[in-house]
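Shown next, in structure tokens, is the structure this report addresses.
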Amino acid sequence: MKKEIIIDNPTSSNGYAVHRLISQCPPLDENSIYANLLQCTHFSSTSALAHVDGRIVGFVSGYILPGNPQCIFIWQVAVAEEARGKGLAKNMVSYILNNESCKSVTHLHTTITKENLPSRALFRKISIELNTEMKETPLFNREIHFLDEKDSEFLIDIGPFQSHQADQGVKN
Ligand SMILES: CC(C)(COP(=O)(O)OP(=O)(O)OC[C@H]1O[C@@H](n2cnc3c(N)ncnc32)[C@H](O)[C@@H]1OP(=O)(O)O)[C@@H](O)C(=O)NCCC(=O)NCCS
């Protein structure tokens with residue numbers, strides 16, 4: 001029998017498993033376990049965890065931008081290989097947008113490298129389903145900010161949208 005994937009907000013007890021999942025999802029940067037624990041506690045209500053039969057298969061970390069309650073920043077999206085291509089990343093973002101913590105949110109920000117086409121396609125799809133625009137501007141530059149160690153990151157700005165529209169827009 002096919003087991004159902006459940007999406008929840010993470011808790012501190014998920015921090016270690018989240019760290020392991022991210023390590024298996026290149027090209028994502030691995031943060032420290034401590035950083036993942038903070039995401040799972042301080043930023044729990046703006047993050048999502050997907051699990052099936054006790055196994056963690058997806059994670060999205062996000063937070064409301066300091067000083068701007070209308071904007072959620074999506075930090076990382078990770079889906080285990082076995083669970084890809086089924087709408088899970090999209091559904092986790094939708095789950096976050098439908099949380100009470102996002103009731104004032106009208107814009108979603110994230111950053112993407114030019115090379116990460118799956119990520120770009122994911123956020124393009126989210127903007128289409130939210131029936132809004134997606135704009136892209138340079139944010140962190142390879143030479144200036146990463147001293148040539150990492151590719152440039154571009155700021156993606158999706159919005160405006162009404163947070164209640166997340167119900168109707170990004171479908172679960
Ligand atoms: C990118 C990633 C999160 C997508 O997860 P997923 O659950 O397979 O994505 P979804 O099924 O929700 O896809 C939603 C949309 O994104 C697009 N998409 C997702 N993966 C894609 C891929 N490999 N190639 C092209 N488009 C892709 C599709 O347009 C899809 O829309 P569709 O339903 O019309 O096909 C997953 O591949 C992953 O964890 N990759 C490694 C880590 C990473 O790059 N994270 C993103 C950076 S934040």
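Whatever order the structure lists ligands and atoms in, that order sets their numbers, starting from 1.
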Nearest-neighbour protein heavy atom for [atom], which is reported as residue plus atom name and distance:
{"atom": "atom 36 (C) of ligand 1", "value": "R84 NE, 3.6 Å"}
{"atom": "atom 45 (N) of ligand 1", "value": "V77 O, 2.8 Å"}
{"atom": "atom 47 (C) of ligand 1", "value": "S119 OG, 3.5 Å"}
{"atom": "atom 8 (O) of ligand 1", "value": "G85 N, 2.7 Å"}
{"atom": "atom 39 (O) of ligand 1", "value": "V79 N, 2.9 Å"}
{"atom": "atom 14 (C) of ligand 1", "value": "L122 CD1, 3.7 Å"}
{"atom": "atom 31 (O) of ligand 1", "value": "K125 CD, 3.5 Å"}
{"atom": "atom 22 (C) of ligand 1", "value": "P118 CB, 3.6 Å"}

Check: [X] side chain, [Y] main-chain N or O, donor-acceptor pair, under 3.5 Å:
{"X": "H19", "Y": "N31", "value": "yes"}
{"X": "N98", "Y": "S94", "value": "yes"}
{"X": "T106", "Y": "P160", "value": "no"}
{"X": "H145", "Y": "N141", "value": "yes"}

Smallest separation among heavy atoms of [X] and [Y], with atom names:
{"X": "L37", "Y": "G15", "value": "CD2-CA, 3.9 Å"}
{"X": "I22", "Y": "L28", "value": "CG2-CB, 4.1 Å"}
{"X": "F161", "Y": "L108", "value": "CE2-N, 3.7 Å"}
{"X": "S47", "Y": "P10", "value": "O-CD, 3.5 Å"}

Should [X] be counted as touching ligand 1, given the test is an N or O pair under 3.5 Å?
{"X": "F123", "answer": "no"}
{"X": "L28", "answer": "no"}
{"X": "Q76", "answer": "no"}
{"X": "L117", "answer": "no"}
{"X": "N116", "answer": "yes"}
{"X": "A89", "answer": "yes"}
{"X": "K90", "answer": "yes"}

By number and element, which atoms of ligand 1 are closer than 4.0 Å to a non-hydrogen atom of [X]?
{"X": "L88", "result": "7 (O), 11 (O), 12 (O)"}
{"X": "G87", "result": "10 (P), 11 (O), 12 (O)"}
{"X": "A78", "result": "39 (O)"}

Exercise for review: With heavy atoms under 4.0 Å as the rule, classify the contact between P27 and ligand 1 as side chain, backbone, both or neither.
Suggested key: side chain
Practice item. Indicate, as side chain, backbone, both or neither, the part of K86 found under 4.0 angstrom from ligand 1 when only non-hydrogen atoms are considered. Key: backbone
Point to revise | Cationic N near anionic O, under 4.0 Å, R142 to E149 | key: no
Practice item. Just do the salt bridge (Lys or Arg N to Asp or Glu O under 4.0 Å) check on K114 and D151 with the steps written out, would you? Key: CA-CA 8 Å; K114 281 285 179 219; D151 292 330; over 6 Å; no
Review point. Does the protein place any heavy atom closer than 4.0 Å to atom 2 (C) of ligand 1?
Key: no
Review point. Any heavy atom of P26 sitting closer than 4.0 Å to ligand 1?
Key: yes
Practice item. Might you work through the salt bridge (Lys or Arg N to Asp or Glu O under 4.0 Å) test for E115 and R120, ending with a clear yes or no? Key: CA-CA 9 Å; E115 293 69 23; R120 190 169 299 278; over 6 Å; no
Practice item. Using the side chain to side chain contact (heavy atoms under 4.5 Å, CB included) rule, pick out the option among N91, V60, I7, N9 that qualifies with I96. Key: V60
Revision key, fill the gap. CD1 of I72 to CG of L97, rounded to nearest 0.5 Å, is 6.0 Å
